[in-house]
Every structure is written in structure tokens, then in C-alpha cells.
Amino acid sequence: MSTVIDGKALAAKLRGQIRERAEAFRAERGFEIGLAVVLVGEDPASQVYVRNKIKACEEAGIRSFSYHLPADAAEAEVIALVDELVASDKVHGILVQLPLPRHIDERKVLARIPARKDVDGFCAENVGNLAMNRETIVACTPFGVMKMLEEYGIDPRGKSAVVLGRSNIVGKPMAMLLVNADATVTVCHSKTKNLKEVCAAADILVVAIGRAKFVTADMVKEGAVVIDVGMDRDENGKLCGDVDYENVKDKASYITPVPGGVGPMTITMLLYNTVLAASRS
């Protein structure tokens, strides 16, 4: 029987610590930590994410600044707003909610956010520091995964780790974090040959492929640690992950559920990064 990794409980524990740090910062500096969130357009999922982030800020004692631009906003307008936030002493972290409308080059927009205010951990400097195993701000979801492994006493050192997915947001930084933790890491994707066999050899399997219940029991090694980063809908419209949880859970030694696993940790690590950015300001 596997141990279910409770991301919701860990997130609550960490948010209590984050609130204490935010209150200590305000007492010492005389002003609040500030996070600016920029939303462009009317994407329903993005609107939900932004609302959740603003609510989380309030609960953690972090001041949020929310900016909502119309879907037809010019690229120059978005860049001008980001530049304004970069110059503001009240803003310690800047988050531009992705995806942006197609006429806006997200690389140009994100490039305007300096590493010191890049609480998403997406900019080239922060990613480069991660690759070189230097202290830096790390992408929130993979950072949350590492916190979960640490909380449950799962040491990646010397273990075979497979990351299924190679996105800039999850897959690549996840692989670098595991390499930095002395795991032997394989990154798999849609072009990987013998995918089932590669996954089935993993001591730690992190799945972020965006396909509902893609990982089945025959792709999982007996006693493996299975981390499901996916957020999908099954054939009945029910929320599920990239892992076939019901069939995999008894084979894994540790497993994250969906919902209640990695999800709660992502926003928590955003708050953590914002406090970290403020403390360095």
C-alpha cells in the first residue's frame, strides 16, 4: 500500500511559515511585501488562477497588485506596464499570467522582468543559475515537488529519476533540480522510444505530459515514487492527473493525488519566491 503525499497539508504548513516571514518583513521594513499580477485577455482558466493567487497573497500577508488588460492590448502596452512595475519599490515580485494573446510575444514580455523580481523563475538568468546549481529563484511547480520529496524523506541521491515532459515551466527545471540533488535523470517526451520501459525503470517518476491517465501500472516500477503534475479531465469530466491513479497507487511506494497533490504547492512556492525576492531587495 502506497503512502499518499498530501500536498494540501504541506502547503498549509508552508503558508503558515510564509506568513510569519511576511509579518517579520513588515515589522522590520515598515511596509508590506508586494506581488504584481498581470492578466491580459479573458481566458477563463487564467482568471481562476489569478483569483487564487490574489486570495493566497491576502492569506499570507502579502500585498497584491492586480492588473487586467483587454485581449486586444498592444504588446507595447503590456511591456510598458511591466517596466512600470519593475521600477516600483512597492513591487517585489512580478507575475505575467500565461498564456498571452497570440499577437503578443511572451518572450519579449518576460525578458523585461529582471531576475530579482522574477518570482516565476522563468527568466534566462534564473534558469541559468539553476543549471549551474547556484542559489536562485526556481520555477514554482518543480520547486514544490522538491519540497514534497524533502517533507516525506525521499532522497533523490543515487536514484534513477525519469521526468515525463520537457516544458520550460515544469519538465526542464524539474530535471535540473533532480540532477542537482544527485539523481540520475532521464527526460522523456513524445519522441522517446521504448517509453514504457524507460518509465518502468524509474525509482522516481515525475509526470507532466498533459494527457489524462496516460501513465498506467505497467509503466511504473514496483515501489517507485510517482509524482503527478498533470491537471486534466477524464471521460466523465472529472478532474484527474496524467497518472492512472487507481491502478498505480498500490504499486507505488509514494504517490501524489489529483487534486490535492502538486497543485496546492505551486501557488505556495510562488508566495515563497515572493518573500525570498523581497528579502533580497
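The first residue in the sequence is number 1, and the count goes up from there.
Partners of T266 according to the side chain to side chain donor-acceptor pair (under 3.5 Å) rule, which considers only residues two or more places apart in sequence or in another chain, are T141.
Side-chain N or O atoms of T192 include none that pairs as donor or acceptor with a backbone N or O of L195 at under 3.5 Å. No donor-acceptor pair closer than 3.5 Å links the side chain of H68 to the backbone N or O of E42. Between the side chain of D242 and the backbone N or O of G210 there is at least one donor-acceptor pair closer than 3.5 Å. Within the 3.5 Å criterion, the main-chain N or O of I33 finds no donor-acceptor partner in the side chain of H92. Proximity of a side-chain donor or acceptor of H189 to a complementary backbone N or O of I209 within less than 3.5 Å is not detected. Between the S88 side chain and the L85 main chain, no donor and acceptor come within less than 3.5 Å of each other. A donor-acceptor pair under 3.5 Å is absent between the side-chain atoms of N194 and the main chain of E197, judged by distance alone. Counting only distance, with no hydrogens or angles, the side chain of S253 and the backbone of G223 share a donor-acceptor pair below 3.5 Å.
Counting non-hydrogen atoms of neighbouring residues, nucleotides and ligands closer than 6.0 angstrom, the CD atom of E235 exceeds 12 such neighbours. For Y49, the OH atom counts as loosely surrounded, since its 6.0 Å shell holds 12 or fewer non-hydrogen atoms of other residues, nucleotides or ligands.
Side-chain contact between D228 and I255: absent, with no pair of heavy atoms (C-beta onward) separated by less than 4.5 Å. Between K147 and E150 there is a side-chain heavy-atom pair separated by less than 4.5 Å. Taking 4.5 Å as the limit, some side-chain heavy atom of V162 sits within range of a side-chain heavy atom of C188. Residues L205 and V215 are in side-chain contact: their nearest non-hydrogen atoms beyond the backbone lie under 4.5 Å apart. Under the 4.5 Å side-chain criterion, counting only non-hydrogen atoms from C-beta, L239 is in contact with M231. Using a 4.5 Å heavy-atom threshold, the side chains of C240 and V258 count as separate. Under the 4.5 Å side-chain criterion, counting only non-hydrogen atoms from C-beta, L98 is not in contact with D120. Under the 4.5 Å side-chain criterion, counting only non-hydrogen atoms from C-beta, Y152 is in contact with T3.
Looking at every heavy atom in both residues, G93 comes nearest to V119 through CA-CG1, 3.7 Å. Closest non-hydrogen pair, F122 versus A139, comes out as CE2-CB, 4.1 Å. A pairwise comparison of heavy atoms in A115 and N126 identifies O-ND2, 3.3 Å as the closest pair.
Identified under the salt bridge (charged side-chain N to carboxylate O under 4.0 Å, His left out) test for residues 209-226, with sequence neighbours left out: K196-D218, D203-K221, K213-D234. Evaluation of the side chain to side chain donor-acceptor pair (under 3.5 Å) test over residues 267-277, restricted to residues two or more places apart or in two chains, returns R15-T268.
Ion pairing of R63 with E58 is absent here, as no side-chain N (NZ or NE/NH1/NH2) approaches a carboxylate O to less than 4.0 Å. In this structure, E23 pairs ionically with R19, as a charged nitrogen and a carboxylate oxygen lie closer than 4.0 Å. Under 4.0 Å is where a charged nitrogen must lie from a carboxylate oxygen, and between R280 and E135 at least one such pair does. Looking at K8 and D6, no side-chain N of the basic residue comes within less than 4.0 Å of a carboxylate O on the acidic one, giving no salt bridge. Comment: E75 engages K108 in a salt bridge, judged by a side-chain N to carboxylate O separation of less than 4.0 angstrom.
A chain of hydrophobic side-chain contacts below 4.5 Å, direct or via other Ile, Leu, Val, Met, Phe, Trp or Tyr residues, connects I94 to Y67.
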